[in-house]
Amino acid sequence: MHAGAPISSRMAAQPETSAPMTTPERYNPRASEPKWQRAWDEAKLFETDNADPRPRYYVLEMFPYPSGRIHIGHTRNYTMGDVVARHRRAMGYNVLHPMGWDAFGMPAENAAMQNKVHPRDWTYQNIDTMRAQLKLMGLSIDWSREFATCDIDYYHRQQMLFVDFLESGLVGRRVSKVNWDPVDQTVLANEQVIDGKGWRSGAEVEQRELAQWVFRITDFSQDLLDSIDNLEEWPDKVRLMQRNWIGRSEGLSIRWALTPETAPDGETELEVYTTRPDTLFGASFMAIAADHPLARKAAGSNPDLAAFCEKCRRMGTSVTALETAEKEGFDTGIRVRHPFGVAWDLPVYVANFVLMDYGTGAIFGCPSGDQRDLDFARKYGLPVVPVVLPPGADAASFAIGDEAWTGNGTMINSSFLDGLTPDTAFDAVADRLESVDFAGTPQGKRQVQFKLRDWGVSRQRYWGCPIPVIHCDNCGLVPVPKDQLPVTLPDDVSFDKPGNPLDHHPTWKHVDCPSCGNAARRETDTMDTFVDSSWYFARFTDPHAETPTDPNAANAWLPVDQYIGGIEHAILHLLYSRFFARAMSRTGHMAVDEPFKGLFTQGMVVHETYRAEDGGWLEPGQVRIEGHDANRKAFDAATGAPVTIGPLEKMSKSKRNTIGPEDITQSFGADTARWFMLSDSPPERDVEWTDSGAEGAHRFIQRVWRVVAGAAPMIVAGDPSDANGAFASMRKAAHKALKGVGEDFERLAFNKAIARIHELVNAIAPTIEKAVDGDNQADKAAAHEALSILVQIMAPIAPHLAEECWMALGHEDMVAQAPWPAFDAALVADDTIVLPVQINGKKRGEIEVARDAHKDSVEQSALALETVQRHLDGIAPKKVIVVPGRIVNIVA
RNA sequence: GCGGAUAUGGCGGAACUGGUAGACGCGCUGGAUUUAGGUUCCAGUGCCGCAAGGCGUGGGGGUUCGACUCCCUCUAUCCGCACCA
């Protein structure tokens, strides 16, 4: 990447004469950008006053994890928010646009182990580096509200929330499974389990059951689901993903009798949950989870089964691992009786795809109606009885091949259900089983089930928010009284020993019980880092409050008007935040149930990857590229050795394909980076960072400066209303762009705004030159007006350049303080429109007609076209379709 | 495996509610200016064809006067799956 030619700093000083346009010096971002950033700071333009009475607008981007260095992948997201913030500010809103750090988490502990750095030092150093990098971008952020979630001030308030939640019954204890590394003696995250082995030790991972803290998010399942309907400013795909995640289903729980001779001692029944009771007559086996009580009991007397269950457990705790593994089962030898007295008894298998966490941990398998069950049945030679006949199929010959039939149809082979639809069969089965007495209670029960599980927040790690609870042998679980908070993390910890440093710290966990005064132990689990990010948006509304929030401030600002972040957070982070808003409302910290009114999920910045012959990754700066397109070749810039150009990937430290903001600001400037990242690709899509694209953006920045600075000394503000001809057209172009760009910003269509600004500059540049060369005051006023509009609509994207241009045009104050101009409705409307004329759906010509022209006259002018006459060749058209204001189509 | 998305020139993409496919930018080609080069300016640029014209939005099928847009189906790529953040 090369910089523009060396540049001397340019400031005002232009000739005062009405000479032809001179060529101004190049715009120098290295001088201008720091200058304007200082000016904004000194004027405190972006510090938000909670007492400001104007209408409020809260724009927030998902805060970053301080991993080390910011790359422009991060900054695209912040630039989008910044454009919104600057635009809303110009529109007269009191804008809140804060920034902070999602600062707890595993990487800090990994760094501690690898590099012998304290997680706290590593984290705060990274924050300092990244803050400095971010500031280069000229973002309009209220830095006075900055915090990191690892600040004691922040996690102190998080502990207050935890205690409140605990006392309100929103927190529970539950035994759940964790990945246990027997060599490192530690709990592993799913990402630390690779092919069932610990990432560091390589040991086979075991499952362990631990008593864990959970937030009772499932208490809100129905509300979280129903309220999605009201999140109208969220992308539909995210709403759909949340609905699917919550996973409400209506089904039937059915208790099956075990045949006494096969049942383990004391067991008489197996309860399953099904959403397809209509397929009951197609059932050919039962499948239970390896951890199902029945499986455990059966395994007790069957070593082979016990080994199979153990194998299932070693797959780890992640659903992905369970469900992508090949379907396997093991016959327990247990048999069940069909509730409707079908002649055969069904086998009970332990299956590796049945989850203990969902429903009852047991299913009945109907191979003809479920692909997974069919695969399983084929593998173990179980019967496949079709029970739903697809529409149009022949009952006598219909058979299931390799594909199950999950669709609608008519019930067959199903006794009293035959001839019904699956829907009515569902009710028939449910009604009948609800009335059958089975050991004193109905054998079947209609049930609503959610896939959503309670949120386990316990982590056996150091670098997180300590859970403020004390275990006392006398009193049980005792929350730390609020006046004894915060429970701070000890500094003197070592990461040399395996396990949780809080647990093996010599003194930290030993405390007296706040209730009875006897010796007791602190909880050594810390909270999931998702907790930290589930309420930071509320803390920003008053980041220095003694309590977690000032409810007045939180209620005034929330919900966030526009939240911007990656699609990868579409489910968990957003769902947890929605839960927190409800929990905080219930505990009096605010009165807003939905945290985010508008949501936008932006794409990532991707870059090519480069690999040396030895397989090592190279940074873009270390690579020299030759040739174009298919002939592009890469070489190691230092050695000249050939380098393989790899696919586009999300910028990441590990692939070394990152571009830092300083790489750009030192050459092209922040405005170029901001401009480029919002050009071309729609914001929800990924954008590829390319040097040529950045150069193109930079050329445009320089072009605007040339046009504005070249004309500025020769034009002044005035009354442009008498401008004629090209000058009047220029005014129309400017006002249309003003209207369009404003709308684009509100829809976050930054790429379209940029295209529109390009079009405006292309359209007006020659006319500006004419106005400068001429001596008509109205024309010069029109030029001044057009350029001022251009600068203002660019300002949210390229704020530094805009300030420089604004000053050149002779405006007082800064463009960052200027109100958004109103467009002139009369200049935006056109009297005539161009209508395309099609013949048989193919465009053959166009006609210009009055905007409100009558259908008949439009039809006549279309038929009069020479091309139309030629195509019709004297034959009358079959039909003429005139869509007013849109199109004419002639069917020949 | 389940859930969600995406696919348009050489490249990134535009096309609002079914109505001119390729806006805008990159790249490329030619020309002008200046220079040692870059810069800047003008013109051209979906494909085939001298032209008339024909063909074109991942593949196949359908609905419609008209389909990038709606329906069915197939393929490829990406995101999430509860302890990565």
Side-chain angles (χ1 to χ4, degrees), chain A residues 2 4-5 23 26 62 64-65 67 102 104-107 178-179 187-193 212 235-238 240-241 243-245 247 317-327 353 357 371-372 375 451-461 528-530 532-533 566-573 575-576 601 604 628-630 647 650 676 679-682 684-688 690 692-693 695-697 699-700 702-703 706 743 747 749 751-752 754-759 762 834-838 840-846 878-881 883 885-891:
Chain A
H2 55 86
T23 305
R26 288 170 67 85
M62 291 179 186
Y65 177 77
S67 56
D102 189 12
F104 275 135
M106 284 201 312
V178 295
N179 301 306
V187 176
L188 298 178
N190 284 335
E191 71 159 10
Q192 296 173 315
V193 179
Q212 309 245 44
D236 286 339
K237 63 177 169 181
V238 175
L240 187 56
M241 285 159 89
R243 282 193 190 100
N244 289 338
W245 186 260
T317 59
S318 85
V319 177
T320 319
L322 288 174
E323 299 209 332
T324 51
E326 194 183 342
K327 310 286 163 281
F353 57 88
D357 290 320
Q371 192 59 44
R372 202 161 51 171
D375 294 343
K451 266 203 309 239
L452 183 64
R453 310 201 299 251
D454 273 333
W455 172 15
V457 296
S458 283
R459 298 292 182 270
Q460 294 69 42
R461 285 187 241 290
D528 178 9
T529 55
F530 269 123
D532 313 336
S533 55
I567 185 71
E568 66 273 20
H569 294 293
I571 297 174
L572 292 179
H573 163 61
L575 197 59
Y576 292 156
T601 55
M604 297 173 299
H628 292 286
D629 303 323
K650 177 181 175 175
F676 173 72
S679 306
D680 294 359
S681 283
E684 66 275 13
R685 223 158 332 147
D686 291 351
V687 63
E688 183 195 353
T690 60
S692 58
E695 282 160 20
R699 269 204 295 278
F700 185 73
Q702 291 293 354
R703 181 172 180 211
R706 261 195 319 280
E743 289 164 359
R747 287 182 297 160
N751 57 323
K752 289 176 204 167
I754 285 177
R756 222 184 276 276
I757 292 168
H758 275 289
E759 281 173 342
N762 289 343
V834 175
L835 277 190
V837 177
Q838 296 181 330
N840 295 330
K842 275 259 168 213
K843 186 195 165 193
R844 295 297 172 183
E846 51 190 32
K878 286 201 191 101
K879 197 172 174 187
V880 180
I881 294 147
V883 184
R886 283 285 189 189
I887 206 163
V888 181
N889 190 14
I890 296 162
V891 185

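We use all heavy atoms of the structure for the numbers below, so side chains are in, but hydrogens, waters and symmetry mates are not. In what follows, chains are A, B, ... by sequence order, proteins preceding strands, each numbered from 1.
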(request) Work out which heavy atom in Y65(A) is nearest to a heavy atom in G105(A); give both atom names and the distance. (result)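 For Y65(A) and G105(A), the tightest heavy-atom pair comes out as OH-O, 4.0 Å.
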Assign a letter to each nucleotide of [range] from its 5' end: B, base within under 4.0 Å of a protein heavy atom; S, sugar-phosphate only; -, no contact.
range                        : result
nucleotides 30-36 of chain B : -------
nucleotides 15-24 of chain B : S---BBS-BS
nucleotides 3-8 of chain B   : SS--S-

May I ask you to say what [X] touches in the nucleic acid, namely base, sugar-phosphate or nothing, with a heavy-atom cut-off under 4.0 Å?
X       : result
R243(A) : nothing
L322(A) : nothing
S692(A) : sugar-phosphate
V178(A) : base
S679(A) : nothing
F530(A) : base
S318(A) : sugar-phosphate
P64(A)  : nothing
H573(A) : nothing
Q212(A) : base
G456(A) : sugar-phosphate
Q460(A) : base

(message) Of the listed nucleotides (rA85(B), rG1(B), rC83(B)), which one gets closest to any side-chain atom of A189(A)?
(response)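 The listed nucleotide nearest to A189(A)'s side chain is rC83(B).
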(request) Can you figure out which of rC79(B), rG13(B), rC81(B) approaches the side chain of L572(A) most closely? (result) rC81(B)
Round to the nearest Å and state the distance from [X] atom [atom1] to [N] atom [atom2].
X       : N       : atom1 : atom2 : answer
I571(A) : rA85(B) : CD1   : C1'   : 15 Å
L835(A) : rG66(B) : CG    : C1'   : 15 Å
R703(A) : rC42(B) : CZ    : C1'   : 12 Å
I757(A) : rA14(B) : CD1   : P     : 16 Å
R844(A) : rA52(B) : CZ    : P     : 12 Å
E695(A) : rC26(B) : CD    : P     : 11 Å
L452(A) : rC81(B) : CG    : P     : 15 Å

Could you check whether any side-chain heavy atom of [X] comes within less than 4.5 Å of a side-chain heavy atom of [Y], counting everything from C-beta outward?
X       : Y       : value
V883(A) : I881(A) : yes
S679(A) : F700(A) : no
R372(A) : E323(A) : yes
I567(A) : K237(A) : yes
N840(A) : V891(A) : yes

(message) Taking rG9(B) as the reference, what is the distance to rC55(B) when you measure between their C1' atoms (whole Å, please)?
(response)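 Pairwise C1' distance, rC55(B) against rG9(B), rounds to 14 Å.
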(request) Please work out which of the three classes, parallel, tilted or perpendicular, describes the rings of H573(A) and F530(A), given edges at 30° and 60°. (result)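 Taking H573(A) first and then F530(A), their aromatic rings lie parallel (interplane angle under 30°).
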(message) If you assign each of R372(A) and L188(A) to its closest nucleotide in RNA chain B, which residue comes earlier from the 5' end?
(response) R372(A)
(message) Nearest heavy atom decides the nucleotide; on that basis, is G693(A) or R461(A) closer to the 5' end of RNA chain B?
(response)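 With G693(A) and R461(A) compared, the 5'-side residue is G693(A).
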(request) Based on the glycosidic angle (syn within 90° of 0, else anti), state the conformation of rG9(B). (result) syn
(message) Quick check against the 3.5 Å criterion: does K327(A) have a side-chain atom that pairs as donor or acceptor with the backbone of A325(A)?
(response) yes
(message) If you go through the side-chain atoms of Q192(A), does one of them form a donor-acceptor pair with the base of rC83(B) closer than 3.5 Å?
(response) no
